[in-house]
Amino acid sequence: MRLSRYFLPIMRETPKEAEIVSHRLMLRAGMIRQEAAGIYTWLPLGLRVLNKINAIVREEQNRAGAIELLMPVIQSADLWRESGRYEAYGKEMLRIRDRHERDMLFGPTNEEMITGIFRAYVRSYKDLPLNLYHIQWKFRDEVRPRFGVMRSREFLMKDAYSFDIDAAAARHSYNKMFTAYLRTFARLGLKAIPMRADTGPIGGDLSHEFIILASTGESAVFCHRDFTGMAAPDEAIDFDDRAAMRGVFDQWTGLYAATEEMHDKAAFEALPEADRVSARGIEVGHIFNFGTKYSDAMKAVVNGPDGKEVAVQMGSYGIGPTRLAAAIIEAGHDEAGIVWPDSVAPFDAGIANLKAGDKAVDAACEELYTRLGNAGMDVLYDDRDERPGAKFAAMDLIGLPHQIIVGPKGLAGGTVELKNRRTGQRENLTPDAAVNKLTARA
RNA sequence: CGGGGUAUAGCGCAGUCUGGUAGCGCGUCUGCUUUGGGAGCAGAAGGCCGCAGGUUCGAAUCCUGCUACCCCGACCA
């Protein structure tokens, strides 16, 4: 993409409403635009990041055996009356009425709808286990939306729903999602720590929140220091291996970790002082095993091997990609701007033409741009007629992980500069070497 | 939902107390000079001063009502 033809409204000054760093940087980098309290447009640069996050979430859901579908944002109130949540959900649910005076709502979550889908088609235990998910907009009419897309009213959520014949099978489904989440967050460059959580209005008895540590986190969290050194399972792990899944779960839940609501002060203080981590955390995922709460209420039953009908065991599993975009920035930024992990960077690399209009520099940039593009890289080429300082600032602000800086001084000696945004390390290389080095990474 | 605040050009702000028809910085446009960490000079465009009503010869400014947004707290993917 040539920057001169792209739509990237970056700002030098920070709009005053932005309090936390991710919100400020998302606005300044031209990723989002506020349309109303807690409601945002995702501008082109932000959308690229969001799409990359979604792709990783999707890959890991699929790897764990979940199957994607797409449910609507607008739902009928009738389904919610069946489960009893139409009354129970409260003012967070945005209720609307259509032209025929029918009660509708903007979905805050989809347990009812997925249960309706399940019971319409699945009759036999032989069709289990089943895990269906979608990535869809949700609306929760928060009393006080804040922190940009971190706590917005409209937000994107990946929500998966598992259906199993019995509690043991449901437990395995839970462990699979647990493992998939660890892998997902690791691929997004985040260190997420599972913490036992309250189940709230979703219901059930087993639940974990995945929390990343960040000073701007909304809740206080407490955990064992060893979590910071733990590595997520690699892609060779077998999701159908019950013992392996249980092993991952046990490993990641064996140490103390709790949010403020679930905090056990005595247990925490029993740890050696050096092992205690007391910090702020951002919730980026939440999983629930709630048994037959919805299947009972909505009669989602299957015939078991013995011919008798049983209510299916269910679980639900949520990740907020829009919140994740902000959380990744909270975890990766410096004074100059965002520092994206390669996996979610809006572009794989940037080329800064320090003297647009200079024949040699233009030609060198064009060649680099073409060659990297042919190698399958997504490159942002800053071909604008701007001063070098403005280009450096823009590249750093939007956080491109790898930048090739091309100017007359270097070219005179046959080199360009390759800069690593994260480490700040720069090296002078021939254009060939720079292309090879960048493409070798993929 | 309680408490506090703000609303003036794309962004950040001054002007409001003390009424006289709107200004600064950044950004944008034109031209020239510049070009390795957000350039300089010259010129230009851009504003129902949140909305509605009132007071007044005259309202960004005073009065009344409304709306939107932000912050602190309680609640939440």
Side-chain angles (χ1 to χ4, degrees), chain A residues 9-20 23-24 27-28 30 33-39 57 89-93 107-111 135-160 181 197-202 207-211 218-219 259-261 282-288 316-324 326-327 335-337 352-358 361 382 384-397 403-413 415-417 419 424 426 428:
Chain A
I10 59 181
M11 277 185 283
R12 202 163 166 172
E13 283 171 282
T14 308
K16 65 177 170 201
E17 74 267 18
E19 276 291 305
I20 62 170
H23 191 195
R24 285 200 295 267
L27 289 168
R28 285 194 54 214
R33 167 188 159 78
Q34 183 172 343
E35 300 296 350
I39 299 179
V57 168
Y89 214 93
K91 291 185 138 181
E92 265 194 13
M93 184 154 77
T109 179
N110 287 62
E111 278 84 6
I135 298 177
Q136 179 63 289
W137 294 98
K138 302 294 184 292
F139 193 92
R140 294 184 189 174
D141 200 358
E142 297 280 346
V143 194
R144 191 183 160 211
R146 61 187 126 168
F147 304 147
V149 297
M150 190 82 80
R151 173 156 303 287
S152 50
R153 292 193 294 170
E154 185 182 79
F155 60 99
L156 201 56
M157 183 159 88
K158 183 288 298 178
D159 38 328
Y181 275 36
D198 197 14
T199 54
I202 307 276
S207 175
H208 286 85
E209 290 181 3
F210 288 76
I211 305 274
E218 285 192 81
S219 46
T259 58
E260 204 163 17
E261 312 83 77
I282 300 171
E283 181 185 350
V284 289
H286 200 162
I287 61 179
F288 302 87
S316 76
Y317 314 89
I319 287 181
T322 43
R323 171 181 287 185
L324 269 172
E335 320 72 51
N353 180 334
L354 295 194
K355 194 165 185 180
D358 178 289
V361 179
D382 190 347
R384 298 171 304 161
D385 183 19
E386 287 287 343
R387 296 176 64 82
K391 299 196 174 192
F392 294 137
M395 286 274 173
D396 287 349
L397 174 62
Q403 304 169 12
I404 304 182
I405 297 159
V406 185
K409 286 185 187 168
L411 273 189
T415 65
V416 296
E417 187 176 294
K419 174 179 158 186
R426 304 141 178 277
N428 291 308

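Naming convention: chains lettered A, B, ... in sequence-line order (proteins, then strands); numbering from 1 in each chain. As the structure is a computational prediction, the values presented were derived from the model and not from experiment.
Relative to the side chain of A:Pro408, the nucleotides B:G38, B:G36, B:C70 differ in distance, and B:G36 lies closest. Of the listed nucleotides (B:C11, B:G36, B:G38), B:C11 has the atom at the smallest distance from the side chain of A:Glu13. For A:Arg387, the listed nucleotide lying nearest its side chain is B:U35; candidates were B:C69, B:U28, B:U35. With distances taken from any side-chain atom of A:Pro388 to the nucleotides B:G36, B:C11, B:G37, the minimum falls on B:G36. For A:Ala36, the side-chain atoms get nearest to B:C69 when compared with the rest of B:U6, B:C69, B:C11.
At the heavy-atom level, A:Ser219 lies nowhere under 4.0 Å from the strands shown. The residue A:Met150 sits close to a base: some heavy atom pair falls under 4.0 Å. Heavy atoms of A:Gly318 sit nowhere under 4.0 angstrom from any nucleic acid atom. When heavy atoms are screened at a 4.0 angstrom cut-off, A:Gly410 is found touching base atoms of the nucleic acid. Heavy atoms of A:Asp396 sit under 4.0 angstrom from at least one base atom. A:Thr14 comes within 4.0 angstrom of the backbone, heavy atoms only, and of no base.
Checked by atom type and distance alone, the side chain of A:Lys391 pairs as donor or acceptor with a backbone atom of A:Arg384 at under 3.5 Å. The main-chain N or O of A:Glu19 is found under 3.5 Å from a side-chain atom of A:Arg24 such that the two form a donor-acceptor pair. Here the side chain of A:Thr322 pairs a donor or acceptor atom with the backbone of A:Leu156 at under 3.5 angstrom. At least one donor-acceptor pair under 3.5 Å links the side chain of A:Tyr181 to the backbone N or O of A:Tyr317.
With a 4.5 Å cut-off on side-chain heavy atoms, A:Gln34 and A:Leu27 do not count as touching. You'll find the side chain of A:Lys138 reaches within 4.5 Å of the side chain of A:Asp159, heavy atoms only. At a threshold of 4.5 Å between non-hydrogen side-chain atoms, the residues A:Met157 and A:Thr109 count as touching. Put simply, the side chain of A:Val361 does not reach to within 4.5 Å of the side chain of A:Leu354, judged on heavy atoms. Taking 4.5 Å as the limit, every side-chain heavy atom of A:Arg146 sits out of range of all side-chain heavy atoms of A:His23.
Within the shown strands, B:G73 is the pairing partner of B:C1 under the Watson-Crick or G-U definition, both distances less than 3.5 Å. The partner of B:C17, taking Watson-Crick or G-U wobble pairs whose two distances both stay under 3.5 Å, does not exist in any strand shown. Pairing for B:G50 is with B:C66, a Watson-Crick or G-U wobble pair whose two hydrogen-bonding atom distances lie under 3.5 Å. Nucleotide B:U28 forms a pair with B:A44, judged by Watson-Crick or G-U wobble geometry with both contacts under 3.5 Å.
Rounded to an integer number of Å, the gap from CZ of A:Arg384 to P of B:C29 is 11 Å. As rounded to whole Å, 17 Å separates atom P of B:G36 from atom CD of A:Gln403. Rounded to whole angstrom, the span from the CG atom of A:Leu27 across to the C1' atom of B:C70 amounts to 13 Å. Distance CG (A:Asp385) to C1' (B:U28): 15 Å, rounded to an integer number of Å. Distance, A:Lys409 NZ to B:G37 C1': 11 Å, rounded to whole Å. Straight-line distance from the CG atom of A:Leu354 to the P atom of B:U34: 18 Å, rounded to whole Å. Put simply, CE on A:Met395 is 14 Å from C1' on B:G38, counting in whole angstrom units. Separating the CD1 atom of A:Ile10 from the P atom of B:G10 is a distance of 19 Å, rounded to the nearest angstrom.
The same atom, C1', is picked in B:C62 and in B:G20; the two are 14 Å apart, to the nearest Å. Distance check on atom C1': B:U67 versus B:G27 gives 29 Å, rounded to whole Å. For the C1' atoms, the distance linking B:G5 with B:C75 amounts to 22 Å, nearest Å. Only the C1' atoms considered, B:C32 is 39 Å distant from B:C48, to the nearest whole Å. Between the C1' atoms of B:G10 and B:G46, the separation comes to 10 Å (whole Å). Spacing between B:A22 and B:A59 at atom C1', rounded to whole Å, works out to 13 Å. Between B:G15 and B:G50, the distance separating the two P atoms is 15 Å to the nearest Å. Rounded to a whole angstrom, the distance from the C1' atom of B:C41 to that of B:G4 is 47 Å.
On a pure distance criterion of 3.5 Å, no polar donor-acceptor pair joins the side chain of A:Lys419 and the base of B:G36. Side-chain to base pairing of A:Arg28 with B:G38: one donor and one acceptor N or O lie within less than 3.5 Å of each other.
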Between the protein and nucleotides 71-75 of chain B, are there any N/O to N/O pairs under 3.5 Å, and if so, what are the atom names and distances?
| from | atom 1 | to | atom 2 | distance (Å) |
| --- | --- | --- | --- | --- |
| B:C72 | OP2 | A:Arg144 | NH1 | 3.4 |
| B:C72 | OP2 | A:Arg144 | NH2 | 2.1 |
| B:G73 | N7 | A:Arg144 | NH1 | 3.4 |
| B:A74 | N6 | A:Arg146 | NH2 | 3.4 |
| B:C75 | N4 | A:Arg146 | NH2 | 2.7 |

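Across the interface with RNA chain B, nearest-nucleotide mapping of A:Arg33 and A:Ala394 shows A:Arg33 to be the residue nearer the 5′ end. Comparing A:Leu397 and A:Glu209, the nucleotide of RNA chain B nearest to each residue sits closer to the 5' end for A:Leu397.
For A:Lys91 and B:C1, the shortest distance from a side-chain N or O to OP1 or OP2 is below 4.0 Å. An OP1 or OP2 oxygen of B:G38 is reached within less than 4.0 angstrom by no side-chain nitrogen or oxygen of A:Arg12.
In this structure, CD in A:Glu35 is found 10.0 Å from CD in A:Glu154, a value given to the nearest 0.5 Å.
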